[in-house]
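Accompanying notes for the structure given below.
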Amino acid sequence: MIPVPSGVRVWLATGSTDMRLGLPGLALRVQETLGRDPHAGDLYVFRGRRGDLIKVLWHDGLGLSLYAKRLERGRFIWPSPADGVVALSAAQLGYLLEGIDWRHPQRTWRPELAG
């Protein structure tokens, strides 16, 4: 898991991204397509066309880092391209990285009713 400091904003780049891009290409996409500064300390998440691979770009104050995760089964839940850029919380990013629907996470337990 990426150690996300509190207060860091997480941005999803909607639509699909060419997963052959590395640090320079994704940083350029952050600047030109999202209109943001890739060196500001925010996390930027990109998904490939098949939906089973994401890349996360993050500047931690010392330099840019690139993280990648591929699901063995299933796809990452992603907003429609019409949504533009979508902001997530650190908790929602955790769900996303685990392959859980970050928009509507479900409890797996039910509180016992006092009877």
Side-chain angles (χ1 to χ4, degrees):
M1 175 84 182
I2 299 170
V4 180
S6 63
V8 170
R9 292 176 293 184
V10 180
W11 303 97
L12 293 185
T14 60
S16 63
T17 301
D18 183 351
M19 288 289 105
R20 295 174 293 183
L21 294 175
L23 281 170
L26 291 174
L28 187 62
R29 180 156 178 160
V30 168
Q31 287 177 331
E32 292 182 350
T33 306
L34 305 180
R36 302 194 181 279
D37 180 9
H39 300 95
D42 296 341
L43 277 88
Y44 299 95
V45 186
F46 303 89
R47 188 183 85 154
R49 187 172 12 101
R50 289 189 316 203
D52 64 342
L53 175 65
I54 60 171
K55 288 187 176 181
V56 180
L57 186 69
W58 179 36
H59 192 281
D60 63 359
L62 300 174
L64 277 174
S65 298
L66 181 63
Y67 300 91
K69 182 165 186 176
R70 182 181 307 275
L71 292 177
E72 292 180 8
R73 290 189 312 251
R75 297 174 151 210
F76 290 103
I77 303 298
W78 214 248
S80 72
D83 294 335
V85 64
V86 174
L88 294 184
S89 68
Q92 288 173 314
L93 176 63
Y95 288 130
L96 173 72
L97 292 174
E98 293 300 319
I100 298 170
D101 186 348
W102 53 270
R103 301 165 302 178
H104 307 288
Q106 299 292 317
R107 286 190 181 142
T108 57
W109 59 273
R110 294 176 193 245
E112 293 185 28
L113 300 175

Residue set satisfying side chain to side chain contact (heavy atoms under 4.5 Å, CB included) with Leu21, at least two apart, ordered chain then number -> Thr17, Asp18, Leu26
Not counting sequence neighbours, which residues clear side chain to side chain contact (heavy atoms under 4.5 Å, CB included) with Arg50? List them please.
Asp52, Arg70
Of all heavy-atom pairs between [X] and [Y], which one has the smallest distance, and what is that distance?
{"X": "Leu71", "Y": "Phe76", "answer": "CG-CZ, 3.5 Å"}
{"X": "Ala87", "Y": "Gln92", "answer": "O-OE1, 4.4 Å"}
{"X": "Met19", "Y": "Gly48", "answer": "CG-CA, 3.5 Å"}
{"X": "Pro79", "Y": "Val86", "answer": "CG-CG2, 3.8 Å"}
{"X": "Trp78", "Y": "Ala13", "answer": "NE1-O, 3.2 Å"}
{"X": "Leu97", "Y": "Lys69", "answer": "O-NZ, 2.6 Å"}

Please round to the nearest 0.5 Å and tell me the distance separating atom [atom1] of [X] and atom [atom2] of [Y].
{"X": "Tyr44", "Y": "Leu12", "atom1": "OH", "atom2": "CG", "answer": "12.0 Å"}
{"X": "Leu57", "Y": "Ser65", "atom1": "CG", "atom2": "OG", "answer": "8.5 Å"}
{"X": "Ile77", "Y": "Leu96", "atom1": "CD1", "atom2": "CG", "answer": "8.5 Å"}

Side-chain donor-acceptor pairs of residues 32-42 under 3.5 Å, sequence neighbours excluded:
{"unit_1": "Asp37", "atom_1": "OD1", "unit_2": "His39", "atom_2": "N", "d": "3.0"}
{"unit_1": "Asp42", "atom_1": "OD2", "unit_2": "Arg9", "atom_2": "NH2", "d": "3.3"}
{"unit_1": "Asp42", "atom_1": "OD2", "unit_2": "Trp11", "atom_2": "NE1", "d": "3.2"}

Using atom types as modelled and distance alone, determine if a side-chain donor or acceptor of Trp102 lies under 3.5 Å from a backbone N or O of Leu93.
no
Got a sec, which pairs hit ring-ring contact (aromatic ring centres under 6.0 Å, His included) with one end in residues 14-37, sequence neighbours left out?
none
Could you see if Leu28 belongs to whatever hydrophobic cluster contains Trp58? Use Ile, Leu, Val, Met, Phe, Trp, Tyr and a side-chain cutoff under 4.5 Å.
no
